[in-house]
Amino acid sequence: MDVTSFYLLLSITLFSIGAFGVLIRKNAIIIFMCIELMLNAANIAFVALSRQYGDLNSQVAVFFVMAVAAAEAAVGLAIILAVFRHYRTIEADQACELRG
Amino acid sequence: MDHKVVLVGGASAVIQKVSLFFIPIMPLIGAIFLGLCVFYRNELNEKFSGFLATTAALCSFILAATCFNEILAGETAVGFTAWQWIKSAGLNVDFGLKMDRLSGVMTLVVTGIGTLIHFYSIGYMEHDENRSKFFCYLNLFLFSMLLLVLGDNLIMTFVGWEGVGLCSYLLIGFWYKEMPNAIAGQKAFVVNRIGDAGFLLGIFIIFTFLGTFNYSEIASLINKMPTTVIEVVALLLFVGAAGKSAQIPLYVWLPDAMAGPTPVSALIHAATMVTAGIYMICRLSFMYALAPNALQVVALIGALTAFFAATIATSQFDIKKVLAYSTVSQLGYMFLALGVGAFSNAIFHVVTHAFFKACLFMGAGSVIAGCHHEQDMRKYGGLWKKMPVTFATYIAATYAIAGMPWASGFFSKDQILWATYSANFPLAKFLWLLSVVTAFLTAFYMTRSLFMTFFTGPYRGEHEAHESPMTMTIPLVLLAIPSLVFGYLHGENLMHFLADWTRSDLKGGHHALMHKPMYHELEMLSIFIACSGVTLGGLHCMFPALSKAFNNLFPTLHKAFINKWWVDEIYFALIVNPLRSISAVLFKFADRILIDGSVNSLADLTKLLSSSMSRAQSGIIGAYSHVLMFGLVGFIMVWVIFNG
């Protein structure tokens, strides 16, 4: 089997673990970690394909994704802090007042 | 030489046209200024509103006389098209004015008597706090009436028609703070509107067949309409005339209209507005000449109305009601004249009636004002000493209306009676008999009102009676004089003048004026009838025992007369109350339940849908992320499957 395929398989595995985690876990910080996991899985896919085709553009994309992930983590953690100050808990199920 | 004549001719034509245009516009300008006076009301404005209005009316009269001069000098007509008003495919209406012989005579009557009544109102409405509004409405009325009379097409006439209806409503309900006055105004407008429906239908049919509204064009194209259609149109237009000119069955508004101030009754409901129907039929005389059946209907209704109203007038106690029913009766005479084809006779009676009826109404107003707004004749008495001028003019006008010898009423009524007698259709003799009896009744009830007001009984009013100021008595005198002498001096001239214009009089009119079989016998009969009516009226008042005995002889008739033949009650029972019940049912069921219900249930449906949809927004983050993930996966799967 192709080397690239292994890397892609790794990427898929990491992504599904992350997705599963987002769906199942209650702790908001753990959900964020899983989101980061999904983002990094995408990064692996980018690098693998860049290695296969010899195109450095994808590696530039990895930098972008990392920057976005960092910014998003900052904002997200600020929101979790604000939610904690209001609800005194960070369980995702507790913040359900925005309903129709 | 020729050159100079042409120039002068051109200039005078322009002056004519400008004068013609300003005849209706002067009162309009007056009304606009007075409208401003109403908005910026102060003492000065109130004092001068009357003079402003009268000046506008007087200018109108002078301009009308100028134009009429041209017509007397030999021109057929003075015409002026101000602008093209409506211009759409095939439907062209101009703001056009035309004064020919007929409209010239009517314009002089309207503006002349209008001016006198404006002048009279200055005195009558002196203590009213809404004087400027009153004069604004009066001027607006003059404007509309002049549009009606001078319009050269049916639409202009209809605009004026509606305008006078509006002003009539405004003026009848002038003291609207009292509920009965407001109701009377509404009644006048509604009944008028019923007539207008017929009028409009007639106009529509004319337009459908002939494609034009202009009178001269209709006249030239009239033969293109089949005779049955002409009959139908004539009858529909007569419905309109019956509404405006108070004939059976649409006369019920006129007695109630006496709730308005007396100058209004004098101007609108005696001299000018109510003659609009007669004017309209004369205008379209060429069409009515081709519709003999419609003319028979007109004559029948005219004679019946004349008789009917005269019977009611004999038993009324309110002086204005007597005059109101008298107006209805005299209008019936005019329609009778139209029905037998004597169009110029009808206009002659319009003119003489305008003189003496306006004089009578203004005299009644003078009496009412002098007796501090007491209108019941049973409280009057002995006023001939206290109000000499009013008395003199009232007796002159009564003399005229009763058809006593050589007053103008005598000439005009006699012409009508003779024309009816010699008319060509089966009911003519019966209608003649009716009109003779009506003439007797007219003399009777007018003398009765004269005696009850000025002679019999002590004055039982609350305050001292006094004569009216000069502003009120001068117009009375100015109208009493023509009431007496106009018929004698100008009667024949007027009839010839008008007959030359109506090319198609049937029986009465130009040819018949020349040879008059049985005329002298009928004249003698009229004099006898008038004198006996007057005598009986006087006796009735001087010997109340006699009248009581007479009343006991015919108790039901007497009750019928006093109760106006219960016509208002019948209308209420047959028409008004059923309409009100139907309207109540429709309101409760059709409006509330059906229409409001359907609109409300649409709104409820929207609410239902939205509430069921909003359950998807639960606020639970886990649910959102589930939907997100699975939706994304599903979408990609579908995409991969279908795009390889």
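All values reported here derive from a predicted model rather than from experimental measurement. Throughout, protein chains are lettered first and strands after them, A, B, ... in sequence-line order, and every chain is numbered starting at 1.
When the side-chain hydrogen bond (donor to acceptor under 3.5 Å, both in side chains) test is applied to B/N153, no partner is found at least two apart in sequence or on another chain. The ring-ring contact (aromatic ring centres under 6.0 Å, His included) test applied to B/F141 returns no partner, not counting sequence neighbours.
The shortest distance between side-chain heavy atoms of A/Q59 and A/F46 does not fall below 4.5 Å.
Taking the six-membered ring where tryptophan is involved, the planes of B/F134 and B/F174 are perpendicular, since the angle between them exceeds 60° and thus also 30°.
Contacts between residues 61-84 of chain A and chain B, defined by a heavy-atom separation under 4.5 Å, are made by no residue at all.
Salt-bridge annotation for B/D128 and B/K133: absent, with no side-chain N of the basic residue lying under 4.0 Å from a carboxylate O of the acidic one.
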Got a list of side-chain donor-acceptor pairs under 3.5 Å for residues 193-205 of chain B, not counting sequence neighbours?
residue : atom : partner : partner atom : Å
B/R193  : NH1  : B/E162  : OE1          : 3.1
B/R193  : NH1  : B/E162  : OE2          : 3.4
B/R193  : NH1  : B/D196  : OD2          : 3.3
B/D196  : OD1  : B/W161  : NE1          : 2.6

